[in-house]
Structure formats: structure tokens, C-alpha cells
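Ligands are counted one by one from 1 in listed order, and the atoms in each one are counted from 1 as well.
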Amino acid sequence: MLLHREGIQSVVLEARTREYVEDRVRAGLLEQNTVDLLHELDLAERLDREGLKHNGIYLRYHEKNHYVDMAGMTGRHVTIYGQQEVVKDLTQALLDRGVPVLFEVGDVALHDIETDHPRITYEHDGQTNELTCDAIAGCDGFHGVSRPTIGDHLTEYEYVYEFGWLGILAEAQPATDELIYAWHADGFALYTMRSQTISRLYLQVDADDDIGNWPDDRIWGELATRLGAVNEGPIFDKGITPMRSFVAEPMQHGRLFLAGDSAHIVPPTGAKGLNLAVNDARILAPGLAALIRDGDSKLIDGYSTAALRRVWRAQDFSNYMTQMLHDLGGGQFERQLQLARLEYIERSEAAARSLAENYVGLPPEPEF
Ligand code: DHB
């Protein structure tokens, strides 16, 4: 959409079906920067109607919720709106605005990326096709072909956690007005939502745990233990997601530019993943436009550095939230330190404000 606004032609190649990408349940917390950009692009009509605007969060420990008034401290908000809803809105808008989106594309390979005209070969509808491009945006996720294509030119940083999140969606009115991030002796839990009638909840579990070990009764029992009052209802989606921190640098080689999960993964605590991907796109598009339209590479040469500044900020914040709230396996001393950090946020406005400005998202870099 950003390239379309700049008058640059593009084609979107998607490996999966439209149904798959539009139904796949992901996180759902949009920073104000993300909401602002969707407004700027005239893509926020349904978001304005269905998104749930939030002012703060509860940090829960020792059976009590402690409110952090983020809007009060920063003047900024976050909005609950499922990632797949953003995908639906973007896909429809691309098609409406005449940008080709090809689904179920296979055998994608990238060629000549060190030249001014990189090529993409791919299979679609049983045919082999080739696209000659000015540039390629590698937005194909952690398991996509883009990053391995330039792997020899990248430095990779990675941390894999020993736990994951069991996530459910349930037909139940949320029992809380704001999200609850809970520290508990049994492990972390998060109470979030999708609407007035759909709750989304997460539990810390072992990374190699099997969803088969978690019948609905056990899930509700553990959620109630860690979160206090929970409204139960039919569970219609559940799964376990492993957690990792990952960065590949630089986010460019030749005319291939990495964006989103192809270049970086954050653990989900704080929900920065989608917001980082949107920020990459926000910086990348004007750089590509200047390169392609005017032959001016000044902006695009700064893409990786500018994007990585926010990526590493979010890495630190996501890791900080994760380490403060989960049972990391380091014993009682570690758990007491976590409680000391949580109490510091309650007692010190400086500590609460630092959490808040990271959670709602720092304002965009001014030069982009
Ligand atoms: C959601 C997910 C998160 O990881 C988070 O920190 C907040 C909300 C969500 O799915 O709603």
C-alpha cells in the first residue's frame, strides 16, 4: 500500500492461500504508530469500528492487579485488533487498488540481487514465471527464501527460550477492562481479548509441551490460578507457540531488502512483532520510491540502520518483559528479583514511564 501511494508498481507473491493468511490467529496489539499509519493510508475504517482502544495494562502479582496508566503518562494508546484482521483489510485494499496479489505461489527463487534488475522465478497455476524487478522486499517471514538467499552476507543473533505460550480464543466476555500481564509461581499468564464477546488468553508452558496434554478443563483451571477471575466459554482455537529472539544484520544486500520476520523475531510479551514489521515497511517504502523513481539511493542506504534501531529497542523491551514475568528456571532468587522489578514499577513513576513509552511505542524516526 505504501509503494502504491508512492506510485511504484509492485506484485505480492504469497505462498499460502488467501483463506490461510486471513484466518491464521496471531497477536493483536497495535501501537499508536501502526494505527496512525493505517489511518494515513485510508485503511482504518473497520479498525475504527471494531478496534478496542486501551489506556494501560495491569501487572498482576501476589493475587493483585496493579494498574499502569500508559495513556496518562505518554498521551499515547494501543489498540486491540487481530493481526489477521489487518491482513484482511490490507489484502482487500491491495486488490481494490489494483495491486496484483498472487496466492499459492511455489518454488520461489531470487536471482541477480547484486544487479540493478534482480529477478524472481516462481510457480503459479502450474506455470513457471519470471519477474524482473527494480528491487525486492523480502517480507516472507522467518522460514522464507529471502534471508537464506543472502545468508553469507548477514550476521545473525539468536536466543531461544525454554518455554512457549499456549494461546486460546474463547467465546467469553473478557472479565477485565484492560490486559492483565500476570507473574505467578506457576508461570506467566496473559489476559487479552478480541472483542466484547471473544477472549484471548495465554499461559506459559514448556517449549516442547504438547497441546494434547491440555484439555480445556486444565487450561481454565490454570488460567484461573494465575489470573484470578476468568470468564469461561467454548474454546475455538488453541495452540502452543515457541519463543525466540532473532536479528539478522544488515537488513539489505544488493537490491534485496528484508522486512518483518524475515529479519527479526521477538518473543511475544509486549506484542512488538507486527508493529516492527509495519515500521520496517514505513521506512522502506519512501527509500525504494526515491531509488526507483529518482535514482536517488540516499534514503534507501539508511534503511537497515534506521530499521534496526527500532528492532533492537524492541528486542530489549520484549526480552525485558519476558524475563520479568516468566519463570525462567533460575530458582527463588531470580523470582524475588522479578518481584522487586514489578514493585519498582508500582512505586516509581520513572520506572512506570519507561515501561509505558516502550509499550505504546516510541514515536517514528523523524527523517522517515
Ligand atoms: C496480545 C498478545 C501479546 O503478546 C501481548 O503482549 C498483548 C496482546 C494479543 O494477542 O492480544
Taking the six-membered ring where the residue is Trp, are the ring centres of [X] and [Y] under 6.0 Å apart?
| X | Y | result |
| --- | --- | --- |
| His124 | Phe103 | no |
| Tyr58 | Tyr181 | no |
| Trp312 | Phe317 | no |

Would you say [X] has any N or O atom under 3.5 Å from an N or O of ligand 1, going by distance alone?
| X | answer |
| --- | --- |
| Met193 | no |
| Tyr359 | no |
| Trp165 | no |
| Pro268 | yes |
| Tyr202 | yes |

What atoms of ligand 1 come within less than 4.0 Å of a heavy atom belonging to [X]?
| X | result |
| --- | --- |
| Leu179 | 7 (C), 8 (C) |
| Gly28 | 9 (C), 10 (O), 11 (O) |
| Gly270 | 6 (O) |
| Ile80 | 11 (O) |
| Leu190 | 3 (C), 5 (C), 6 (O), 7 (C) |

(message) Return the closest protein heavy atom for atom 1 (C) of ligand 1 as residue, atom name and distance.
(response)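 Among all protein heavy atoms, the one nearest atom 1 (C) of ligand 1 is Thr192 CG2, 3.9 Å.
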(request) Quick one: look up the protein heavy atom nearest atom 6 (O) of ligand 1 and list residue, atom name and how far away it is. (result)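 Looking only at protein heavy atoms, the one closest to atom 6 (O) of ligand 1 is Tyr181 OH, 2.6 Å.
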(request) Consider ligand 1: state whether an atom of it lies below 4.0 angstrom from any non-hydrogen atom of Met321. (result)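 Under 4.0 Å: no for Met321.
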Have [X] and [Y] got a donor and an acceptor in their side chains that come within less than 3.5 Å?
| X | Y | result |
| --- | --- | --- |
| Gln252 | Ser304 | no |
| Gln315 | Asn319 | no |
| Gln338 | Arg335 | yes |

(message) Under a 4.0 Å threshold between the charged nitrogen and the carboxylate oxygen, would Arg218 count as salt-bridged to Glu222?
(response)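 Looking at Glu222 and Arg218, the cut-off is not met.
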(request) Check each of Asp89, Asp23, Val25 against Gln84 using the side chain to side chain contact (heavy atoms under 4.5 Å, CB included) test, and report the only one that passes. (result)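 It is Val25; the other options fail the test.
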(request) For the pair Tyr191 (side chain) and Ala175 (backbone), establish whether a donor and an acceptor sit closer than 3.5 Å, ignoring hydrogens and angles. (result)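 Indeed, once roles are kept as given, a pair shorter than 3.5 Å links the two residues.
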